[in-house]
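Along the sequence shown, residues are numbered consecutively beginning with 1. Keep in mind that the numbers below use all heavy atoms, side chains included, and drop hydrogens, waters and symmetry copies.
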Amino acid sequence: MTPAIPLALLGLVDAAFSGFRAYAGRDARIRKRRTNARAAMRGLAVGAVLLLAPVLTALLLLLTAPDRTRTYGSLTVGGIGYLLPLAVYAVAVLLSLAAYFLLPFRAGTLAMVIGLGLLTLLRPAAIAAACLGALLNGGGWPTLLVGMVAGAAVLGVEPVVHHRWYRHKLKP
């Protein structure tokens with residue numbers, strides 16, 4: 001099993017959420033479904049471009065490796081170790097979103113603020129746990145390198161989207 005597809009999907013979904021977070025709170029209108037969707041699509045587009053960096057890193061490692069089969073196996077094993085902590089994190093996000101949609105308004109809002117607010121702050125820790133998982137699962141330094149590049153790419157989506165589309169220029 002190659003973990004590349006689930007990792008790419010998680011990265012792209014996270015990028016869409018990052019685009020939404022870059023926009024959130026900037027518009028006081030009640031009906032903003034279209035602008036929320038546009039922000040998510042911007043995050044998805046930026047994330048798709050930034051997530052090419054770990055793909056290219058993995059390809060470069062494979063092309064320059066003396067034993068490509070061993071390097072591919074190392075990347076696969078490490079990728080599974082990288083995926084496990086991120087899957088736990090994704091389940092926690094999904095539970096928080098489910099609480100928001102299924103609970104009564106006040107309880108759902110509280111669950112959203114506490115759950116997603118805390119989980120947003122823990123994103124870098126989830127990436128660090130994923131890198132550690134890749135190492136502990138036997139991925140070695142190649143997987144750590146690809147994981148760190150992927151983590152930097154995913155964590156970079158929100159600042160890029162914010163800077164490109166939602167940064168307010170202060171008037172002197």
Query raised in the report: Is Arg167 reaching over with its side chain to a backbone N or O of His162, donor-acceptor style, under 3.5 angstrom?
Result: no
Query raised in the report: Where the side chain of Thr57 meets the backbone of Ala53, is there a donor-acceptor pair that is under 3.5 Å apart?
Result: yes
Query raised in the report: Cluster question for you: counting only ILVMFWY and a side-chain heavy-atom cut-off of under 4.5 Å, with indirect links fine, are Val161 and Leu50 together?
Result: yes
Query raised in the report: Hey, any chance Val154 and Leu144 share a hydrophobic cluster, counting ILVMFWY side chains that come within less than 4.5 Å of each other, even indirectly?
Result: no
Query raised in the report: Among the clusters formed by ILVMFWY side chains lying less than 4.5 Å apart, do Leu97 and Val13 turn up in the same one?
Result: yes
Query - CD1/Ile5: more than 12 non-hydrogen atoms of other groups inside 6.0 Å - result: no
Query raised in the report: Same cluster or not: are Tyr89 and Met112 linked, directly or through other Ile, Leu, Val, Met, Phe, Trp or Tyr residues, by side-chain heavy atoms under 4.5 angstrom apart?
Result: yes
Query raised in the report: Taking everything shown except Met148 itself, do over 12 heavy atoms lie less than 6.0 Å from its CE?
Result: no
Query raised in the report: More than 12 foreign heavy atoms under 6.0 Å from OH of Tyr72: is that the case here?
Result: no
Query raised in the report: Is Leu86 linked to Val93 within one hydrophobic cluster, defined over Ile, Leu, Val, Met, Phe, Trp and Tyr using a side-chain heavy-atom separation of less than 4.5 Å?
Result: no
Query raised in the report: Between Ile127 and Tyr82, is any pair of side-chain heavy atoms under 4.5 Å apart?
Result: yes
Query raised in the report: Do Arg21 and Ser18 have side-chain N/O donor and acceptor atoms under 3.5 Å apart?
Result: yes
Query raised in the report: Atom CG of Leu116 and atom CZ of Phe17: how far apart are they, to the nearest 0.5 Å?
Result: 7.5 Å
**Report entry** Backbone N/O of Thr143 and side chain of Ser74: donor-acceptor pair under 3.5 Å
**Finding:** no
**Report entry** Side chain Thr109, main chain Phe105, donor-acceptor under 3.5 Å
**Finding:** yes
Requested in this report: Test Leu62 against Leu75 for side chain to side chain contact (heavy atoms under 4.5 Å, CB included), laying out the working first.
Outcome: CA-CA 9 Å; Leu62 284 171; Leu75 289 172; 4.0 Å; yes
